[in-house]
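Please read the structure below before turning to the comments.
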Number of protein chains: 2
Amino acid sequence: MDVNKDLPRAARAQDVAKAAGVSTATVSRAVNSPDKVAPAVRDRVLAAAAALGWLPHAAGSALARKRTSIAGVVIPTLGQEVFATQVGAMQAAFAEHDITLLIGCSNYDPDQAAQQVRTMLTRGVDALAVLGQIPKPGLFEVVQARRVPYVITYGSAPDGGHPCVGFDNAAAFHTITRHLLDLGHKVVGMILQPTLHNERIVARLAGVRGALAEEGLGLRPQHLCEGEYGIQAGRKGLRHVLNADGPRPSAIICSNDLLAIGALLEAQTMGLTVPQDLSITGFDDISIAAELDPALTTMKADNAEIGRLAAGYLVSRLQGNATPSEVLIPPILINRSTTAQPRKRS
Amino acid sequence: MDVNKDLPRAARAQDVAKAAGVSTATVSRAVNSPDKVAPAVRDRVLAAAAALGWLPHAAGSALARKRTSIAGVVIPTLGQEVFATQVGAMQAAFAEHDITLLIGCSNYDPDQAAQQVRTMLTRGVDALAVLGQIPKPGLFEVVQARRVPYVITYGSAPDGGHPCVGFDNAAAFHTITRHLLDLGHKVVGMILQPTLHNERIVARLAGVRGALAEEGLGLRPQHLCEGEYGIQAGRKGLRHVLNADGPRPSAIICSNDLLAIGALLEAQTMGLTVPQDLSITGFDDISIAAELDPALTTMKADNAEIGRLAAGYLVSRLQGNATPSEVLIPPILINRSTTAQPRKRS
DNA sequence: GAATGCGATGCAAGCGCATTCATTAAACGA
DNA sequence: TCGTTTAATGAATGCGCTTGCATCGCATTC
């Protein structure tokens, strides 16, 4: 009866050491640097650990080691696919380095975000990512003071100087407009989600305008519809744009996939054949986009990649490698079936 | 120069104590139980803490207190709305108790799930939730051994005896079938995602059959289509079911919303008017379901509620309250516009 | 005015683990 | 065969914080 099996307390390294007839130092080494321990002893220790159901307690470890192997991520909400995807990718990338993710949601509230960041620091996270949010100026001062590597994604900080992973919204919409121009479209319309307080959307519009301007074309006001966010807004937007006076657009650029889906459904309701009668593009490549009939031509700002890059950056920072402070990934065109050459018309 | 401002090391309670002219005990009390400290002293301590940018280090706290205020959650993937929603709700519910969420993804792999659970325990989580996954038998032994409260959601354990929060799939589909029967439908079809290794789907089918049987009706084999998961499968399924010999179903029950969306789109493509010509139902109430035209009649197994309940259960366990071991929430019918009385036919 | 009580505070002992340093045993070379 | 290097291990210390217990000062109370 050298071991008190009926003792409710969880096993500690001490207990394992006693059971294996070694010191706690050896137990620690057997687990963390197995090659520094004689094979026979190591096996004995691991066997004892297994028998006692011992799992090293990270708090003690963190204290002694001065790191937690926990990374924090603060996001607006988990309910949106783009963020969920990024977080999922980060989780996977961190897992390869035995780093676990602590998550906090800000609900789009800068104050909550700041609070979450503070919580993360308290938890002793080794690294921190803030997703999809323009942080309050000064938010990162405490983070910097603690020398905790951090990164923001899906949008850059207004005051600059923060490491960030994202993509260029204007360039992305330049690309998608270019795609339509190359197909021969001359008159395009655009359906937008609200631009108020959202520089990303403003940039998207600018990207479209810029590409059109290169061909001496423009976006007529009546072909530009800014509404809400969602499928119904897409439907309404399409009616608005197509019912405008003057030459009808042969292509509609939507600022996100839900709008595009709405536009697509409405076009079909109106008896138009997509893409022969009308080309439609989205943005995001949400999972449903590929499933539609016809499948939506859209752009994929690879959110998984953003997550991976952000995690990778933080990991390399943890390993002491300096890396560039701003990474932009190129969104890629997913050329499916809602775009085609415009029908010849007299 | 009583404080070394230029010392890179982060401030500790010690430093705050010195700056405020008190002991670390008082610092701790000022933060954790402010009423046990004289107001003047408390203010002095908090001011010193703020000045030094001190944030208590959770590892030390966890060690001394024997709890971490961290809860772990293991999910198959963040990329699916149902899980993301549950996690989001849990996060919010835990946040009210100053508990932060540590997440791990299993990628639907029982071994990874087990690994994640072990990681969570190592991190010293105070509570643990496993979402949407039938755990390997014995998985929870270590958890139980450590007396860590846990709960599984969105499915019950085969070996039973585990606390769980979810809903009764059979009852849910009984309800939705009942809804159609009450509208007067006599011939219904069903489109299913794969039933293999997925008891939840089997239960859904059983629920439909049970409700039909109560009216002396049945589900004809040719009106039952089991395919893949997704919109295209829904389209294909609908064609299959409607092209079968014999009386055409006037209503189609789909085992999830994506299948229903596919069926809806296909019905419209076929020139059918939904719901007049054909009623269609889904399940899950994914966010897009409400946006379609016509909006999808479906059932909402309130995943946010599941998350909240799971978190609430764990919190009450942490507070020492015994609670029922199995909670079933009633999924609710979201009666939108894809169901109606069947058209009279001769 | 002295005894009593109580609130406010400090002291010090850990919490569980990693790690430095010293020690011992083993392996090696000559 | 003996000194010397190397590998394996243990004892002891500290990471940053909480908390039981002892202490002190002050306001009650008789």
Side-chain angles (χ1 to χ4, degrees), chain A residues 7-46 48-49 52-70 98 121-126 146, chain B residues 7-46 48-49 52-70 98 121-126 146-148:
Chain A
L7 202 63
R9 184 172 47 69
R12 298 159 310 170
Q14 189 75 248
D15 306 318
V16 176
K18 194 176 300 177
V22 298
S23 72
T24 60
T26 300
V27 172
S28 173
R29 279 187 288 252
V31 171
N32 297 308
S33 30
D35 49 320
K36 290 190 174 181
V37 152
V41 178
R42 187 201 315 148
D43 294 345
R44 194 147 38 91
V45 170
L46 295 182
L52 291 170
W54 178 70
L55 293 175
H57 194 305
S61 166
L63 213 47
R65 235 198 270 252
K66 301 196 173 214
R67 53 194 183 79
T68 55
S69 292
I70 291 179
D98 290 316
L121 290 178
T122 283
R123 301 285 187 220
V125 294
D126 290 340
R146 292 216 154 192
Chain B
L7 203 62
R9 181 173 46 70
R12 299 158 310 169
Q14 189 74 246
D15 306 319
V16 176
K18 194 176 300 175
V22 297
S23 72
T24 60
T26 300
V27 172
S28 173
R29 280 188 285 252
V31 170
N32 298 308
S33 30
D35 49 319
K36 289 191 173 181
V37 150
V41 178
R42 187 201 315 149
D43 293 345
R44 195 148 38 92
V45 169
L46 296 182
L52 292 169
W54 178 68
L55 293 175
H57 196 306
S61 166
L63 212 47
R65 235 199 270 253
K66 298 194 173 217
R67 55 193 183 78
T68 55
S69 294
I70 291 179
D98 291 316
L121 291 178
T122 283
R123 300 284 187 222
V125 294
D126 290 339
R146 292 215 154 193
R147 316 260 157 140
V148 171

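Every chain is numbered from 1, with letters handed out A, B, ... down the list of sequences.
- Within the structure, a side-chain polar atom (N or O) of B:T26 is placed less than 4.0 Å from OP1 or OP2 of C:dG10.
- Rounded to whole Å, the distance from NE2 on A:H57 to C1' on C:dC17 is 10 Å.
- Checked against D:dA11, D:dT18, D:dG16, the side chain of B:T24 finds its nearest nucleotide in D:dT18.
- Although no hydrogens or angles enter the test, the distance criterion places a donor-acceptor pair under 3.5 Å between the side chain of B:R146 and the main chain of A:L55.
- Checking C:dA8, D:dC17, C:dA18 against every side-chain atom of A:A64, the shortest atom distance belongs to C:dA18.
- Of all nucleotides listed (D:dG20, D:dC15, C:dT19), C:dT19 comes nearest to the side chain of A:A25.
- Rounded to a whole Å, the CG atom of A:L52 is 12 Å from the P atom of C:dC17.
- When the P atom of C:dA12 is taken as reference, atom CD of B:Q14 falls 13 Å away, rounded to whole Å.
- Between the NZ atom of B:K36 and the P atom of D:dT19 there is a distance of 8 Å, rounded to whole Å.
- Side-chain atoms of A:L63 lie closest to D:dC15 of the nucleotides D:dC15, D:dG10, C:dG14.
- The base of C:dG16 is not paired with the side chain of A:R65 by any donor and acceptor separated by under 3.5 Å.
- In this structure, A:D35 atom CG and D:dT6 atom P are separated by 17 Å, rounded to whole Å.
- Dashed line: the shortest gap from a side-chain N or O of B:S23 to OP1 or OP2 of C:dG10 is under 4.0 Å.
- In this structure, A:R146 places its CZ atom 10 Å from P of D:dG16, rounding to the nearest Å.
- Checking side-chain atoms of B:D15 against main-chain N and O of B:R12 turns up a donor-acceptor pair under 3.5 Å.
- Counting any heavy atom pair closer than 4.0 Å across all strands shown, A:V27 reaches no nucleic acid atom.
- Relative to the side chain of A:S28, the nucleotides C:dC15, D:dT9, C:dA18 differ in distance, and C:dA18 lies closest.
- In the set D:dC17, C:dC17, C:dT9, C:dC17 carries the atom at the smallest distance from any side-chain atom of A:W54.
- Between A:K18 atom NZ and C:dG16 atom P the separation is 13 Å, expressed in whole Å.
- Partner assigned to D:dG25 is C:dC6, using Watson-Crick or G-U wobble distances below 3.5 angstrom.
- Here the side chain of B:R29 pairs no donor or acceptor atom with the backbone of B:V37 at under 3.5 angstrom.
- Side-chain proximity of B:R29 to the nucleotides C:dA8, D:dC17, D:dG20 is greatest for D:dG20.
- Within the 4.0 angstrom heavy-atom criterion, only backbone atoms of the sugar-phosphate kind lie near A:G21; the bases stay farther away.
- Residue B:V41 is in sugar-phosphate contact alone, with no base atom involved, counting any heavy-atom pair closer than 4.0 Å across all strands shown.
- B:A11 and B:L52 get closest at one heavy-atom pair: CB-O, 3.8 Å.
- Looking at the side chain of B:K66, the nearest of the listed nucleotides C:dA8, C:dC17, C:dG16 is C:dG16.
- Counting all heavy atoms, side chain and backbone alike, B:V27 lies closest to B:V45 at CA-CG1, 4.0 Å.
- Residue B:L121 contributes atom CG, which lies 13 Å from atom P of C:dC17 at whole-angstrom precision.
- Side-chain atoms of B:R123 come within 3.5 Å of backbone N or O of A:S69 as a donor-acceptor pair.
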